[in-house]
Every structure is written in structure tokens, then in C-alpha cells.
Amino acid sequence: MQMKIEKQKIKVKIKTESSIVKGTVHTLLNGRLSDYITSQKDKFIPVSDAEVFYLDGAGKIIDDEKARREIVFINVEKIEMIEYL
């Protein structure tokens with residue numbers, strides 16, 4: 001018998017010093033996003049259906065630099081801000 005952990009999908013925008021990522025984070029059902037982020041032992045969180053915007057040294061979005069990815073992994077120690085979408 002296979003056990004399945006119920007999860008919820010949360011749409012977020014995550015800013016690091018070098019990029020902004022819009023996508024979906026999967027957390028435990030009825031769990032808080034902040035608890036999920038701080039509990040990560042491996043220090044990376046997966047973000048699915050990601051749209052990545054790259055930033056220049058001044059923190060401005062580089063117009064031509066945008067990419068869609070099925071999944072990206074973000075180092076939680078590099079996160080500057082998370083916004084719910």
C-alpha cells in the first residue's frame with residue numbers, strides 16, 4: 001500500500017539577489033509557507049511551473065532575460081522576499 005501525503009499548491013513570487021521567480025510551491029495541507037521554508041534540511045525548495053526573471057547588479061529586471069522552467073530549486077538562504085500571488 002502506498003501512502004500519499006496531501007499537499008497544497010501555493011502560487012508565489014520569490015526574490016533573490018539575482019532573480020525573481022514566479023511559480024508554485026507545494027506545502028503540507030493547511031501548513032504555513034514560513035514553516036515549510038524554515039524546515040528545509042537540504043536548504044533548497046522546489047518551485048514548479050516557474051517563470052524566472054534575471055536581475056542586473058542594480059536589482060532591475062533584464063528585459064531579454066526571462067525563462068520558463070518546469071522546476072527550479074531555490075536556496076532558502078538566498079531568499080530576500082516571498083510574496084503570495
Side-chain angles (χ1 to χ4, degrees):
M1 179 166 81
Q2 185 178 16
M3 293 183 64
K4 188 174 182 176
I5 298 173
E6 288 193 50
K7 297 210 173 180
Q8 64 184 349
K9 295 179 181 181
I10 300 175
K11 296 272 188 192
V12 294
K13 177 166 65 171
I14 300 173
K15 182 184 182 303
T16 68
E17 78 176 32
S18 62
S19 65
I20 294 173
V21 178
K22 292 181 181 179
T24 304
V25 174
H26 301 259
T27 65
L28 294 176
L29 191 61
N30 299 319
R32 294 185 328 171
L33 181 59
S34 60
D35 292 339
Y36 172 71
I37 299 293
T38 57
S39 71
Q40 296 310 300
K41 293 180 179 138
D42 57 6
K43 300 295 182 199
F44 286 86
I45 58 166
V47 180
S48 61
D49 302 320
E51 191 172 17
V52 182
F53 300 86
Y54 297 99
L55 304 175
D56 65 14
K60 304 238 187 244
I61 293 175
I62 301 170
D63 291 333
D64 316 7
E65 298 293 321
K66 176 176 134 182
R68 287 198 164 275
R69 300 285 182 257
E70 187 174 325
I71 192 161
V72 296
F73 295 89
I74 298 178
N75 184 333
V76 297
E77 294 177 0
K78 302 295 183 182
I79 294 174
E80 294 179 358
M81 180 187 79
I82 299 178
E83 178 181 347
Y84 289 96
L85 296 178

Visitor: For Leu29, is the CG atom crowded, meaning more than 12 foreign heavy atoms sit under 6.0 Å from it?
Guide: yes
Visitor: Ignoring hydrogens, what is the shortest heavy-atom contact between Lys66 and Phe53? Give both atom names and the distance.
Guide: CD-CE2, 3.4 Å
Visitor: So Ile45 and Ile79, do their side chains get closer than 4.5 Å, heavy atoms only?
Guide: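 A side-chain contact under 4.5 Å exists here.
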Visitor: Would you list the pairs meeting salt bridge (charged side-chain N to carboxylate O under 4.0 Å, His left out) in which at least one residue belongs to residues 15-28, sequence neighbours left out?
Guide: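 For residues 15-28: Lys15-Glu80.
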Visitor: Please find the pair of heavy atoms, one from Val21 and one from Ser19, that lie closest to each other, and give the distance.
Guide: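 Distance-wise, the nearest heavy atoms are CG2-OG, 4.1 Å.
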Visitor: Listed by chain and number, what are the side chain to side chain contact (heavy atoms under 4.5 Å, CB included) partners of Ser18, not counting sequence neighbours?
Guide: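 So Ser18 forms a side chain to side chain contact (heavy atoms under 4.5 Å, CB included) with Thr16.
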Visitor: Could you grab the distance from atom CG of Leu33 to atom CD1 of Ile10, nearest 0.5 Å is fine?
Guide: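 If we round to the nearest 0.5 Å, Leu33:CG and Ile10:CD1 are 5.0 Å apart.
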Visitor: How far apart are the closest heavy atoms of Ala58 and Asp56, and which atoms are they?
Guide: N-OD1, 2.9 Å
Visitor: Do Leu55 and Ile61 have side chains that approach each other closer than 4.5 Å (heavy atoms only, starting at C-beta)?
Guide: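 A side-chain contact exists here, since the closest heavy-atom pair is under 4.5 Å.
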Visitor: Side-chain heavy atoms nearer than 4.5 Å, only ILVMFWY residues, links allowed to pass through others: does that put Ile14 and Leu85 together?
Guide: no
Visitor: Does any non-hydrogen side-chain atom of Tyr36 lie less than 4.5 Å from one of Leu28?
Guide: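 The answer is no; the side chains never approach within 4.5 Å.
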Visitor: List, one per line, each side-chain donor-acceptor pair under 3.5 Å for residues 67-76, sequence neighbours excluded.
Guide:
from: Asn75; atom 1: OD1; to: Glu77; atom 2: N; distance (Å): 2.9

Visitor: Nearest heavy-atom pair of His26 and Ser48: which atoms, and what distance?
Guide: NE2-OG, 3.0 Å
Visitor: Out of curiosity, Glu51 CD to Lys13 NZ, how far, rounded to the nearest 0.5 Å?
Guide: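 Atom-to-atom, Glu51:CD and Lys13:NZ are 11.0 Å apart.
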Visitor: Can you get from Tyr84 to Ile37 by hopping between Ile, Leu, Val, Met, Phe, Trp and Tyr side chains that sit under 4.5 Å apart?
Guide: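 Cluster IDs for Tyr84 and Ile37 match.
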